[in-house]
Amino acid sequence: MSRAYPLPTNLSSSTVTNTASLVRIVALGLISGAAIASRLFAVINFESIIHEFDPWFNYRATRVLAAKGFYEFWNWFDPTAWYPLGRVVGGTVYPGLMATSGVIYNVLHALNLPVDIRNICVLLAPGFSALTAWATYMFTTEMKDSSAGLLAAAFIGIVPGYISRSVAGSYDNEAIAIFLLMFTFYLWIKALKLGSALYGTLAAIFYFYMVAAWGGYAFITNMIPVHALVLMLMGRYSTRLYVGYCSWYAIGTLASMQVPFVGFQPVRTSEHMGALGVFGLLQLVAFAQLIRSHLSSKQFQNLLAIAVVSIGVLGALGFVFLTYKGWIAPWTGRFYSLWDTGYAKKYIPIIASVSEHQPTAWPSFFMDLQSLVFIFPAGVILCFRQLRDEHVFVIIYAVVASYFAGVMVRLMLTLTPVVCVASAIAFSTLLDTYIDPTEPEVPEEGKENADGKAKETGGSAALAAVSDIVAATTTEAAAGSSKTKTAPKPKVKGIWGLDTRFLVVVNAIGMLCFFVMHCTWVTSNAYSSPSVVLASQNPDGSQHIIDDFREAYYWLRQNTPQDAVVMSWWDYGYQIAGMADRPTLVDNNTWNNTHIATVGKAMSSPEEVAYPILRKHDVDYVLVIFGGLLGYSGDDINKFLWMVRIAQGVWPDEIQEPNYFTPQGEYRVDERASPAMRNSLMYKMSYHRFSELFGGGQAVDRVRQQNMPKQGPTLDYLDEAFTSENWIVRIYQVRDEDVLGRDLKSANAFTAGKKRKRTKPASRRRAIQQ
Amino acid sequence: MLISTLLPLLALPFAWAASSADTRQKLVDLSVAGNGVIRLSDPKTFDLLTSPNRNWSAAVHLTALDKRRRCTPCKEFDPSWNVVAKAWASVPQEHRYDHFFATLDFDEAPTVFQQLGLTSAPVVYVYPPAQGPRAASGKTAPSKYDFSSGFDAGPLAESLSRHTPVPIPYRDPFDWAGLITGVAGLLGLALLVRFVGPIFQNRWTWAAVTIITSLVMTGGYMFTRIRQSPYTGGGGNWIAAGYQNQFGQEVQVVALIYGTLSFSFLMLMLIVPYQTSPSRQRVQIYLWTGVIFLVFSVLISLFKVKNRGYPFKLLL
C-alpha cells in the first residue's frame, strides 16, 4: 500500500485514541459555545427581553411558578384571560417549559446565585441548543461514527432552521422540545440496537418530558411506531425490537397520561391509534413466532393465514365501531389540516390565519438549511446503502419531515435535525474517502488503458460512471447477502494522487465556511428580532429602535385602572397580559372560536353595531395596531380579512367577506374602499385623524401604498386615548352611555351643533327677521 | 341607454297590476316549464320575480353562456346551479313555490346587468321575501353568493339553504367513477405486486421514491399545491417575485438543481473511489467538483433573485 502523504509512524495506538477523544470533547465544547453564542445576537442587538407573543405567556406563567410554587401554579385559574370566561391555566398548558425554568431557578437560588427569573427564561433556549447539539452527536454516532456525529452537532448548532425558534428570548416550547425530540430518538435507537429494556424505559421517560413540553410530541408518537412497522414489513422482526418498543410504549403512554392537558387522549384520539395498533401487532407477531417454534411449518402456515385474516378483519371492524360510537375522537383540526391541505381554510380559518401555518416556498428551505438541503439526499442514499435498522429510521424521518415541512412553515423545525444528521453522514463519508492517505495499487489493465482514456470527454466519463453505479451497488448487495456469490473481482477502493484529494477537501471546506457565513448572516439579520421592539436604520447607518409596543403597554399599565378590560385582536392578548397586566377578551391560546369571532365581529361592524358588543363585554379600551405611518406591514388592517372571515364563520348573515372588497375585487382603504370597509370599527380606529398628520398634504398609507382621503373617519362611540410615537399602537377608550339616554351618535351631533332640525327653522326665522 | 333605464319603469305597472297571487302562479308555471329553473328571457320577468311586494324568495343566477362571451367559469358553474335547482323541485308542494330559482343570460337581457351594475359573470343574487311571514326584519336588499368555496354544487346548496324555507335536499351524487378507479387501481396494484414484486423488494426502488419525494417537497411543491400558484407567470417569466412566493416551474428547476448537486456528491463518494485507472479517476474528480461549484453558483444566483438582500455570491 502506498500513501499519498506521509503519516507519523512513531505514535502508539493508545496515544491516537486518547488524543482523538480529547479532540472530540474539545470540539463538542466549542460547538456548544458556538451554538449558544450565535443565539445571543438578539440580546446584543437589542436587550435581554422576551420575544414575540407566546413567550410572553410562558414567561408570565413561569413567574407565577417561581413566586408561588408549583402547587399554586398547577391550580392557577387566571380570571383576566378570556374575560369574562377566565382560563384554567394549570390544566390547559404544557408545563414542561415552565417546570424546567422553575427547577433551574430554584437550584441556582439554593446555590446562592440570585439570578432573575427573566434572565433564565431568556437564556433557556440557547442553553438547551447546546444540549441539542450533544444529543444530535450521540444520535449520529449511532448512525455512522463519531466524526459524523461531530459534524451533525456543528450543523444543528448553527443551522438557521433551528435557530429561528431558539434565539435568546424566544422562550417557547420548541426551545426545549428539539433537544427532547433528538434525545428520545437516540434512546429509541439505542433500545432497538441493544434490545434493552433500560434504554426503552429511558426513552419513555424522555418521551414523557416531551409530552409535558410540546404539543408536537405526536411526531414521536407516530415516528417510532412507523419505524417499528416498517421493520416488521421488511421482515426484520426481532426480540430486540419487541423489548425496545413494548417498554417504550407501555411506560411512555402511561406516563404521558399524567399530563392533565393530555389526559386520556393517548387511548382515545386518532393521532395515538397508530402507536396502539403497532403495539398490538407486535404482540401478535411475537405470539406467532412463539407458536412457530412449537409447530411444524405446514400446520403453522395454515394457522397463520387464518389468524392474520380474521384478526385483521376484527381489528378494522373494531376501529370503525369505536369511531362510529364516538369513543375514538377523529383527528383534531390542526393535525387533519396536515393531510387535507384545503381543510383548514374551509373549516377552521383560525388555524389557517396563523402565519407559521402557511406552506413553505423553496426560498425558505434554502434560507433555513442552505447547502444541507441538497447534501441530505446524498446522506439518505448512503443510509440505503447500509440499511441497518437505525438507517431505516433516518429514511422514514427524512420523507415524513420533508412533507410536513412543505405543508407548514413551522414544521421546518422537525425537518432540520434529520437534515443535519443525513448531511453529516454524507459529508463525513466524503471527507473520510478523500482524507484517507492509502492509495490503491494500480491494476495492470488499468495502466494499459490509462493513456488511451486520458483524453476522455466529460460526457463519456459520466456514462461510464453510471454503469459503475450499477456495478457498485451489486457488489454491495452481494457483500451484504449471506449467500456468498463469487463476486467478479473485489474492487480496490481509494484515491490516487494528492491534487485530487486537495481539490475535493478544499471544495468541501469552502462549502462549510460558506455555510457558516450564511448562518451568521441569516441569524443576525432575519431571526434575531424580538418583534416587540423593532429596529430600523438611521440615514447614517446607525440603528434606530422603535419601541412603540412597550410604550403603549406601559401607558396602559400606568394610566388605566387595574381591572380595565382591553379588547384587541387575539395576537396581542398575551403581550397585553404580560406587559400591561390588564384583562383581555381573547389571546393567543385560541381555544374559544366564538369568543374570537365576537371580537372579529366587533372590529368589522359599524360603530352602532359594535358598541353594544363592547358594552356587553365590559370593554374599556380597544387597542389596534396600525402600520400605515411607518410602513409596518404586520398591522391589523392587513390581518383584517381574517377577522372578517372568522366572524363570518359564526355570523354568516351579518358579516360577509365580499362586502369588504371593492366591486372590482380589490382590497382598498382609500376613497374607493367599500362602504362596509369604511364603516368598520377597525378602519375608523386605524385611520382616525390620520390625514391631519400630513398637514393638508396628501396622506399616504405606507403599507398599502394608497392615498387616503382628506376627510378621515370620525368616531362617535370611542375616544382616542393614546397613540404611540410612530402610531403603531393606538388605544381608544369606550365612551360611557349618554346620560340622557340618547344614542351617542345623535348626542355627539348635538354637542357639535350639527342638529338636523335646527338648520331649517333657523333659516326661516332669519327670513322673518329680515 | 335611454331605453335601458326606462324598461324597468315600464315594467313596474305590470308588477303592481297583477295581484301577488297571479304573479306567483305565473312564476310557478314558468318554473315548471323550465324544469325547476325560471328562464328570465326579458327584463320584465326579472322585475316580476324581484317585485318589491313579493312574498317569496328567489335566487337569480346571472350568467353569460353564449360562446362569444368566452366565459369559462359560467360554463363550469351552470351544471351545479341546475342540479341544485332540480333538487329543490323535489321538496313538498307547500314549500316548493315559496322559493324560485331563475337564470338570466346576458345576451337575453343585458339591461338587467346594467341595472345591477354588473361587469362580470357568473353572479348569484338571493332576494329575500319582502312580505309575508318569512320577511325577516325588513331586509329586502339582495345578497350575493360568495364563490370563494368554488363552483361546486355542495357549498352552493348549503349556502342557499339559509335563505329557503326548508333546506335544499341536495346530496352530492355518489362518486361512482372514483370508486371504480379506486377498485381498478387496487386490482392493478395487486397484479403489479404479483408480477413485478421484486421491484418493490428492491431497496433502490424505495431509495428513488424517497429521494424524489424529498427533492420535490424541498422544492416547494406543497406551496404550489396549496396556493394553487400558476405554472409560469406568462411572458417567459418563470420566477415569481418575492421571497414567500413561487411558480410551479420553480419546483422543477430547484428540484433538478438539488438533484444534480446530490448526484455529484454521490458520484464523488460512491463511484469515483472504485475507478480502476488513476487518470480516469482524476478526470471524474475534477469534473464533479466543477459541476458542484458551478451548479451551486447558479443556485445562489437564483436565490439572490428571490431574496434581494442576500449578500453572498459565488461565480455568478
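Everything numeric here is computed off the predicted structure, so don't read it as measured data. These values consider heavy atoms only, across backbone and side chains, with no hydrogens, waters or symmetry-generated copies.
- Ranked by heavy-atom pairs shorter than 4.5 Å toward chain A, the options B:A208, B:G259, B:S262 are led by B:S262.
- Note: A:F514 leads A:F376, A:F427, A:F514 in heavy-atom pairs under 4.5 Å with chain B.
- The number of heavy atoms from other shown groups lying within 6.0 Å of CD (B:Q249) is above 12.
- When each of A:V522, A:V399, A:I381, A:V380 is checked for heavy-atom pairs under 4.5 Å with chain B, A:I381 comes out on top.
- Only the side chain of A:M511 comes within less than 4.5 Å of a heavy atom in chain B; its backbone stays farther off.
- Between B:Y310 and B:F312, the ring centre distance stays below 6.0 Å.
- Residues B:W288 and B:F265 keep their aromatic ring centres 6.0 Å or farther apart.
- Of the listed residues (A:D499, A:V409, A:L415), the one with the most heavy-atom contacts under 4.5 Å to chain B is A:D499.
- A donor-acceptor pair under 3.5 Å is absent between the side-chain atoms of B:R227 and the main chain of B:Q246, judged by distance alone.
- Note: B:T218 leads B:I211, B:T289, B:T218 in heavy-atom pairs under 4.5 Å with chain A.
- Between A:W496 and the options B:P278, B:S277, B:P273, a side chain to side chain contact (heavy atoms under 4.5 Å, CB included) holds for only B:P278.
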Test log, rule side chain to side chain contact (heavy atoms under 4.5 Å, CB included), inputs A:T360 and A:M408:
CA-CA 6 Å; A:T360 321; A:M408 266 194 205; 5.9 Å; no

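- Contacts between B:L302 and chain A at a heavy-atom distance below 4.5 Å involve backbone atoms as well as side-chain atoms.
- Top candidate by heavy-atom pairs under 4.5 Å with chain A, chosen from B:T260, B:L299, B:T213, is B:L299.
- When ring centroids are compared, B:F296 and A:F374 come within the 6.0 Å threshold.
- Outside the 6.0 Å centre-distance limit, the rings of B:Y125 and B:H61 are not counted as a close aromatic pair.
- The candidate with the highest count of non-hydrogen atom pairs below 4.5 Å against chain A, out of B:V272, B:V209, B:I285, is B:I285.
- By number of non-hydrogen pairs under 4.5 angstrom with chain B, the leading residue of A:D432, A:L369, A:N507, A:T433 is A:N507.
- With a 4.5 angstrom heavy-atom cutoff, A:A426 touches chain B via backbone and side-chain atoms both.
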